[in-house]
Amino acid sequence: MAAKLKAAICGASGYAGAELLRVLHAHPMVEVTAATSERSAGMSVPEVFPHLPGYAGITLEQLDAESLAGKADVFFMALPHKTSQPAVAELFRKGKLVIDLSADFRLRDKKIYELWYKTPHTHPQALGKAVYGLPELYRSKIKKARLVANPGCYPTGAILGIYPALKSGIAVSKGIVVDSKSGASGAGRQADPRYGFCEINEDFTPYAVASHRHTPEIEQELSVVAGQKVIIDFTPHLLPVNRGIISTIYLRLSEKIDTASALSIYRKFYKAEPFVRVLGEGQIPSLKNVKGTNRCDIGLKANPRTGSLIVVTAIDNLVKGAAGQAVQNLNLMAGFPEDTALATPALHP
Ligand SMILES: NC(=O)c1ccc[n+]([C@@H]2O[C@H](COP(=O)([O-])OP(=O)(O)OC[C@H]3O[C@@H](n4cnc5c(N)ncnc54)[C@H](OP(=O)(O)O)[C@@H]3O)[C@@H](O)[C@H]2O)c1
């Protein structure tokens, strides 16, 4: 049997990092050999996450790309944006496979990154080599990549919901509205009073209206699909649940088309996709059916009264929206079967 690929997780004490540890535990070709945390350095993984007893042999260490480089072949970077940039660039320079879960390498235009993230991009060379890690759009490029920019959680659900309609031409690229609702783990594990139990429980509120940083990422990819600049309205909401994102997307139809025909177009686009499920007519996705899975569920309905196509997508933000998609990308980069460690059914209830 071939030697296992050694993997390091930078930012392992966060929600995305912990989910990477959970998913990789089931991976027969990967062994986690290093994991980082600043605040919990020196503690073992199960001391921080008792739900991960299988990692008793891994002691969390501080982020130091130079010393980590010798410990692994592939690096999952689950760090805040800006912190990720120098570490990703250094590991990439050293010839490692790198999958960055932050936003630092997703926007191909450095100026757009700097405008929305209000920080300079100081590693344009690595940026130029990064492949946007949405396998449904970029599978062949990901297979050859050494640096993959794992998509944001909202963009994953939004792009997968819009792509077939724009690509097939049944919807126009103007007037797109993406209305998304995310569980609180999307904000990360850091202590912030806005995400405390009493603040979130029994409340429901939009945030970052007309200004969320995932907007240019969604627009970047839809512009590629449409072959012209696409501008959208995107409104995220904070849902009082732990995991999951529902996106309700409003598209303007370019022709008279009924729900069954639109569904058959979506099915054709995704027929070979292991992690996209187009639901039957009359079925609408829900969070509980994707919780813990790497799947994006899609349901839709044409509305002849308004000329709209209403598409609903559901993902688990920590799996298809982060760690699961990162492992899917690793599987493609390393030549493993794409669904290795990812065939988990949903947690129910
Ligand atoms: N949560 C999601 O649903 C989701 C989905 C897609 C993408 N992402 C992206 O994935 C990344 C991680 O997100 P998350 O939700 O897991 O965040 P998180 O829970 O806040 O975790 C952040 C991790 O980064 C470490 N860290 C923070 N500041 C650092 C620094 N200056 N130097 C080194 N390490 C540092 C933290 O370590 P300590 O605090 O232990 O020191 C922790 O391990 C972010 O870029 C996020 O945008 C998140």
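The structure displayed is predicted, hence computed values, not measured ones. In listed order, ligands and their atoms are each counted from 1.
Scanning for ring-ring contact (aromatic ring centres under 6.0 Å, His included) contacts around His348 gives an empty result, with sequence neighbours left out. In this view, Arg189 satisfies the salt bridge (charged side-chain N to carboxylate O under 4.0 Å, His left out) rule with no residue, not counting sequence neighbours. Under the ring-ring contact (aromatic ring centres under 6.0 Å, His included) criterion, Tyr138 pairs with no residue, sequence neighbours left out.
Residue-level contacts of ligand 1 at the 4.0 Å heavy-atom threshold are Gly11, Ala12, Ser13, Gly14, Tyr15, Ala16, Ser37, Glu38, Arg39, Leu63, Ala78, Leu79, Pro80, His81, Thr83, Leu101, Ser102, Arg106, Cys153, Ser185, Gly186, Gly188, Arg189, Gln190, Asn317, Leu318, Gly321, Ala322.
Of the charged side-chain nitrogens involved, at least one lies within less than 4.0 Å of a carboxylate oxygen, so that Glu221 and Arg108 count as a salt-bridged pair. Using a cutoff of 4.0 Å between basic side-chain nitrogens and carboxylate oxygens, Glu114 and Lys118 are not scored as salt-bridged.
Few gaps surround CD on Gln190; more than 12 heavy atoms of other groups in view lie less than 6.0 Å from it.
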